[in-house]
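Accompanying notes for the structure given below.
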Amino acid sequence: LKKLKADNFSDIVSAMALYRPGPMDSIDDYIMRRKNLLEINYFHDDIKEVLKETYGVIIYQEQIMHMALVRGFSDFEADQIRKYVGKKQLDKLKIYRQRWIEASDEESWDLVANRGLYAFPKAYAIVMAHQAYICAYLKTHFPEEYTRAALCVAASDLY
């Protein structure tokens, strides 16, 4: 978060979704794109709106669904694609590959099938970011009380 220098809650949510094994490699890329130090490639204008919030980086599972919908997949198929990508069931995902490529191209399919594997549910990222924000606020403005509460929670976990 220090590197990101977030000035809005949306960036904190994105950072929370990226800060875990796998997508953590995308944090520097995200920060560079956010600061306009790295060119943002949306691959196609039809998905620019979907990826605009995250500077061209697939972070949320919902983005995968929207990309599928834009390519003509039904709601059910878009959810199936999201589920297969999220659970890393690439063998089941293959049934949608050819249609995706025909509606778009192989480059955007590779983006989803590779970078999308670490997509995170946005609602869960929002909850985690909200909790992190509250903890940071309490730790900054009420350090003694925060430390006491953290020690009490840690002690209760031992029993």
Side-chain angles (χ1 to χ4, degrees), residues 1-140:
L1 285 174
K2 282 183 182 180
K3 234 166 129 178
L4 178 63
K5 295 182 181 161
D7 58 2
N8 61 65
F9 189 67
S10 181
D11 283 334
I12 295 171
V13 173
S14 297
M16 294 304 296
L18 289 170
Y19 195 75
R20 55 199 174 84
M24 198 177 286
D25 298 339
S26 299
I27 292 174
D28 289 335
D29 190 34
Y30 178 86
I31 291 170
M32 298 274 290
R33 290 172 184 222
R34 181 180 178 272
K35 293 179 178 180
N36 294 322
L37 299 175
L38 191 66
E39 183 183 343
I40 300 172
N41 183 357
Y42 293 106
F43 297 98
H44 297 280
D45 288 337
D46 61 351
I47 61 170
K48 187 174 182 176
E49 276 306 307
V50 175
L51 297 178
K52 191 168 140 183
E53 174 190 7
T54 56
Y55 311 103
V57 178
I58 295 177
I59 296 178
Y60 307 118
Q61 291 179 354
E62 293 82 357
Q63 290 174 307
I64 294 170
M65 290 177 61
H66 287 283
M67 290 171 71
L69 291 170
V70 166
R71 283 163 174 70
F73 289 94
S74 70
D75 291 346
F76 175 78
E77 291 170 323
D79 188 49
Q80 287 295 104
I81 292 169
R82 175 207 56 84
K83 187 183 346 174
Y84 294 154
V85 170
K87 294 184 180 206
K88 297 172 181 52
Q89 296 176 331
L90 301 179
D91 53 323
K92 293 182 179 178
L93 187 61
K94 287 179 187 175
I95 62 173
Y96 297 109
R97 183 179 184 277
Q98 191 57 40
R99 273 186 53 209
W100 186 290
I101 292 171
E102 287 171 6
S104 180
D105 67 10
E106 194 151 356
E107 199 172 23
S108 69
W109 173 259
D110 290 341
L111 179 70
V112 168
N114 295 320
R115 298 301 289 269
L117 294 176
Y118 299 106
F120 201 69
K122 189 173 184 178
Y124 190 53
I126 290 170
V127 169
M128 288 178 21
H130 186 252
Q131 289 175 342
Y133 183 83
I134 290 170
C135 286
Y137 178 86
L138 293 173
K139 189 174 182 180
T140 302

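Bear in mind the structure is a predicted one, so any value in this text is a computation, not a measurement.
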Heavy-atom closest contact ([X] atom, [Y] atom, distance):
X	Y	result
Ile59	Ser14	CD1-CB, 3.8 Å
Ala125	Met16	O-CB, 4.2 Å
Glu53	Ser10	OE2-OG, 3.1 Å
Arg71	Ser108	NH2-OG, 3.5 Å
Val50	Gln63	O-NE2, 3.2 Å
Pro23	Ala17	CG-O, 4.0 Å

Q. Are there more than 12 heavy atoms of other residues, nucleotides or ligands under 6.0 Å from atom NZ of Lys94?
A.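 No - once you tally the heavy atoms of other residues, nucleotides and ligands closer than 6.0 Å, there are 12 at most.
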
Q) More than 12 foreign heavy atoms under 6.0 Å from NZ of Lys35: is that the case here? A)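 Yes.
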
Please name all residues satisfying side-chain hydrogen bond (donor to acceptor under 3.5 Å, both in side chains) with [X], sequence neighbours left out, ordered by chain then number.
X	value
Glu106	Arg97
Asp28	Lys3
Gln80	Lys83, Tyr84

Q: Please answer whether the main-chain N or O of Asp110 pairs with a side-chain N or O of Asn114 as donor and acceptor at a distance below 3.5 Å.
A: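 Side chain of Asn114 to backbone of Asp110, a donor-acceptor pair under 3.5 Å: yes, one is there.
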
Q) Counting N and O atoms only, with roles assigned by atom type, does the side chain of Thr54 sit under 3.5 Å from a partner on the main chain of Val57, one being a donor and the other an acceptor? A)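 Yes, because the side chain of Thr54 sits within donor-acceptor range (under 3.5 Å) of the backbone of Val57.
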
Roughly how far, to the nearest 0.5 Å, is the [atom2] atom of [Y] from the [atom1] atom of [X]?
X	Y	atom1	atom2	value
Lys88	Leu93	NZ	CG	12.0 Å
Ile12	His130	CD1	NE2	10.5 Å
Leu90	Leu117	CG	CG	5.5 Å
Leu51	Arg33	CG	CZ	9.0 Å
Ser26	Ile31	OG	CD1	11.0 Å

(Q) Just to verify, which of Asp11, Ile27, Leu18 counts as forming a side-chain contact (heavy atoms from CB on, under 4.5 Å) with Leu4? (A)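 Between Leu4 and the candidates, side-chain contact (heavy atoms from CB on, under 4.5 Å) is satisfied uniquely by Asp11.
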
Q. Which residue, Glu77, Met65, Lys87, forms the side-chain contact (heavy atoms from CB on, under 4.5 Å) with Arg82?
A.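 Running side-chain contact (heavy atoms from CB on, under 4.5 Å) over Glu77, Met65, Lys87 with Arg82 returns exactly one hit, Met65.
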
Q.
Quick test of your reading of the model: are Glu49 and Lys52 salt-bridged, counting only N-O distances below 4.0 Å?
A.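 Answer for the salt bridge query: yes.
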
Q. Can you list every pair that meets ring pair (Phe, Tyr, Trp, His ring centres under 6.0 Å) and has a residue in residues 11-38, with sequence neighbours left out?
A.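 Found Tyr30-Tyr55.
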
Q: Using the ring pair (Phe, Tyr, Trp, His ring centres under 6.0 Å) rule, collect all pairs that involve residues 102-122, keeping only residues at least two apart or in two chains.
A: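 Qualifying pairs: Trp100-Trp109, Phe120-Tyr124.
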
Q: Identify, with sequence neighbours excluded, every residue that meets salt bridge (charged side-chain N to carboxylate O under 4.0 Å, His left out) alongside Asp7.
A: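 Asp7 satisfies salt bridge (charged side-chain N to carboxylate O under 4.0 Å, His left out) with Arg34 only.
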
Q.
So Ile64 and Ile58, do their side chains get closer than 4.5 Å, heavy atoms only?
A.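 The answer is yes; the side chains approach within 4.5 Å.
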
